[in-house]
There are 2 protein chains.
Amino acid sequence: MWQFEVLHDFVVGSAPNWEIVQRGRAGNTIDHMKLKEFAKQLGLSPTTVSRALSGYPEVSEKTRQRVTEEAVRLGYRPNINAVRLVTGRAGAIGVVMGRSGEFQFSEYMSGMAERLDSEDIDILVSPLAEQGGKNENQLYSRLATSGRVDAVIIHSPMPNDERITLLHRLGMPFLVHGRSETQVPHAWLDIDNEGAIRRATSHLIDLGHRRIAMINGRAGLTFSLHRDKGYREALAQRGIQFDPHLVAHGHFTDELGFRFARSFLEQSPRPTAFVAGSMMTALGVYRAVRSFGLVVGRDISVIAHDDVFPYLTADNMVPSLSTTRSSLRAAGARSADLVLQLLSGRPATEIHELWPVELILRESTGPVPQAPG
Amino acid sequence: MWQFEVLHDFVVGSAPNWEIVQRGRAGNTIDHMKLKEFAKQLGLSPTTVSRALSGYPEVSEKTRQRVTEEAVRLGYRPNINAVRLVTGRAGAIGVVMGRSGEFQFSEYMSGMAERLDSEDIDILVSPLAEQGGKNENQLYSRLATSGRVDAVIIHSPMPNDERITLLHRLGMPFLVHGRSETQVPHAWLDIDNEGAIRRATSHLIDLGHRRIAMINGRAGLTFSLHRDKGYREALAQRGIQFDPHLVAHGHFTDELGFRFARSFLEQSPRPTAFVAGSMMTALGVYRAVRSFGLVVGRDISVIAHDDVFPYLTADNMVPSLSTTRSSLRAAGARSADLVLQLLSGRPATEIHELWPVELILRESTGPVPQAPG
DNA sequence: GTAAAAATTTAAAACGATTTGGATAAAGCA
DNA sequence: TGCTTTATCCAAATCGTTTTAAATTTTTAC
């Protein structure tokens, strides 16, 4: 065994709060041209200028042309905070980031950013970092009533998600990334987790596997339930008895993938195939399989769900990993799109989108070995 | 070889822009109590109430007590957009998210969120997604002048980073996560990349390694240069000739880790040790080493830099991975802290923080094998 | 050529807070 | 007590837009 040596600890200091430094109007050093001034330079009234820039019809095309051109030339841009105050719009979509800091998060966000690039809308990541039920509700409530966002995106919903009821009651538009069974009408975008896992499981059964282990997401979340359902359906269709000892729930980490996989492989007879919840989980499963002196793709088949990350691809694993695949980035982009539709008045009840999931077979899946165990 | 089968494609529709639906004051369904109303209920003037809530000294403690209590009871909260307009503060810190969507991003953000939880400040992720130099400047400029943020955080700086000059010129407070060599004074928080890699490399040399390959970050970025410097220094100290054929630059993906490592291992004599830029890179390196029928920790030593991710840990790799380690989450939290200090008036020139990096030795590093090549 | 209709433009009133510059009440001092 | 100082509180101005309601100009219709 090698030496375990810690040479340094890093130092994290503390700091004073953001105190009031100077009273009086603060603001940035940058001083913009104001509407009044700009209008005067154009020889127009502020009203006309405002309308011209906002694209209202009461202004002649010739004037609008001139106004927009001059705005660029003189560098006039409306003060966003004044606009927000008077219109009541915030120009931002809220996303709540949990303390756990999921690695999927940035991929989804990046997709959103891609779509919002052309709009004048920001993403507000709200540091509502508390965990757990009650407090979390309070925090969503604060976000919704804070006036900082025009809409909110809810992630990882549960079948009966209080956040949905809450936001609906508060009249805050929101999109659920995932699904819920609440009666409350709500817009959602989800991938077909049930179908994906059903197909993956069926395929494994087709290959002769009978003991198929399933490493699912956190218990209680809708997508975990859907995946569970798909898994059970596939088994039931082929008359295979469901075995609760072959199912586990938890965060998508390599650590849990490893631990769960190991505990499954210790069983006798051991499973001959795994359905893994994420790429990280799959890494753990691969490691566990190897630690038993077994070979993925020959002794043990593995299918994992892949959200398509640029930094970790199924094709590159050894052996290459069979996956159910759906682009999280695309989902992020489309989510942003749907939120914009929501804000432009499309009723939430019309916004339901279920994406099919690809099943891509690679080297990690194969026929069940002749003499298992 | 297994079948490669695509069963479905997902469908991404398009959508109309966020058009003007109804004119007239929009706003949310939620109608808050207003200051005037609230003040009247208390029998006080708006001025006093405002001051009481903002913590100014001109109000008696007794009154302040009453005001804050009643505010909670009656649910009064100042309209944030009115506050923003009048104070000129935005109550948000801006972060620009590149189109590439680094996996490290969410960990850093999560750290920021942790620190900002107690403050009334948001993180604004600006969908300034364009790539490349010129355009990116424009986009930073827009963010800085938009009035949407009070400060900006710059990531992955270059030694002579235009963004720094730009933000300084615009008078927008900012913190550099990383370092730069610009003359422009600026606040920064960085880890000691040079020292970390110097130490890692030295350690490998101590173990007898002479051909040490280095998979670095993207070329031109300050931290890549620092790491390069540390690497070269370590070699120079021991009189080992620097070999440019043993150095590569690129994004931190398993793919590049694999490809670079393979190309190095094809050389003769081949390297006996690797310094890898990130955990993902390390995954690729492990894979490449195995693909040559070699064993990490015996034939080939590997040290990688670890930003401490909850979902992928060095201890769990097989063999466990020796790392230079520094918590990105902690850096995020501290960054938020420093930005708050900056906003409260602490001069940028005083805010320079260099964090030492741990070197943690595990199983992936060992003495150079007797008959290499 | 004039009246009515349509197309432009505008002055002034919001939006909801903070801050200025005073006013009032309470406390301190001779 | 009377005067000054200090501790509280307040009315009105301000932040920079959008929107209302009304005024002007231009076009159309007869």
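Keep in mind the model is a prediction, meaning the values are calculated, not measured. Chain A is the first sequence line, chain B the second, and so forth, proteins listed ahead of strands; every chain is numbered from 1.
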**Report entry** B:D150 with B:R89: basic N within carboxylate O range, under 4.0 Å
**Finding:** no
Query raised in the report: Is it true that B:R64 and B:E61 make a salt bridge, defined as a side-chain N closer than 4.0 Å to a carboxylate O?
Result: yes
Query raised in the report: Between B:Y56 and D:dT8, is there a side-chain N or O to OP1/OP2 distance below 4.0 Å?
Result: no
Query raised in the report: What nucleotide, of D:dC9, C:dT10, D:dT17, holds the atom closest to the side chain of B:T48?
Result: D:dC9
Query raised in the report: In whole angstrom, what separates B:L85's CG from C:dG16's C1'?
Result: 9 Å
Report summary line: Numerically ordered, the residues 38-46 of chain B set in heavy-atom contact under 4.0 Å with DNA chain D is B:G43, B:L44, B:S45
**Report entry** Of residues 60-80 of chain A, the positions that come close to DNA chain C - non-hydrogen atoms, cut-off under 4.0 Å
**Finding:** A:S60, A:T63
Requested in this report: Classify the side chain of A:T47 and the base of C:dA11 as holding, or not holding, a donor-acceptor pair under 3.5 Å.
Outcome: yes
Query raised in the report: What pair of heavy atoms forms the shortest contact from B:S141 to B:L166, and how long is it?
Result: N-CD2, 3.8 Å
Report summary line: Here the pair of heavy atoms bringing A:T182 nearest to A:N160 is OG1-CA, 4.3 Å
Query raised in the report: For the pair made of NZ in B:K36 and P in D:dA12, what is the distance, rounded to whole Å?
Result: 11 Å
**Report entry** Spacing between A:E58 atom CD and D:dA22 atom P, to the nearest angstrom
**Finding:** 16 Å
Report task. Taking the six-membered ring for Trp and the full ring for Phe, Tyr or His, determine whether the centres of B:H155 and B:Y108 are under 6.0 Å apart. Result -> yes
Query raised in the report: Given atom CD of A:E37 and atom C1' of D:dC15, what is their separation to the nearest angstrom?
Result: 15 Å
Query - Nucleotide nearest B:T87 when distance is taken to its side chain, options C:dT19, D:dT18, C:dT9 - result: C:dT19
**Report entry** Residues A:K40, A:E37: salt bridge by 4.0 Å N-O rule
**Finding:** no
Query - Backbone N/O of B:A331 and side chain of B:S335: donor-acceptor pair under 3.5 Å - result: yes
Query - Which nucleotide in D:dT18, C:dT18, D:dT8 has an atom nearest any side-chain atom of B:L35 - result: C:dT18
Query raised in the report: Between B:K34 and B:Y76, which heavy-atom pair has the shortest distance, and what is it?
Result: C-CE1, 3.7 Å
Report task. For B:E350, look at atom CD and say whether over 12 heavy atoms of other residues, nucleotides or ligands are found less than 6.0 Å away. Result -> yes
Query - Separation of atom CZ in B:R51 from atom P in C:dA17, rounded to whole Å - result: 16 Å
Requested in this report: Find the distance B:K34:NZ to C:dT18:C1' and express it as a whole number of Å.
Outcome: 17 Å
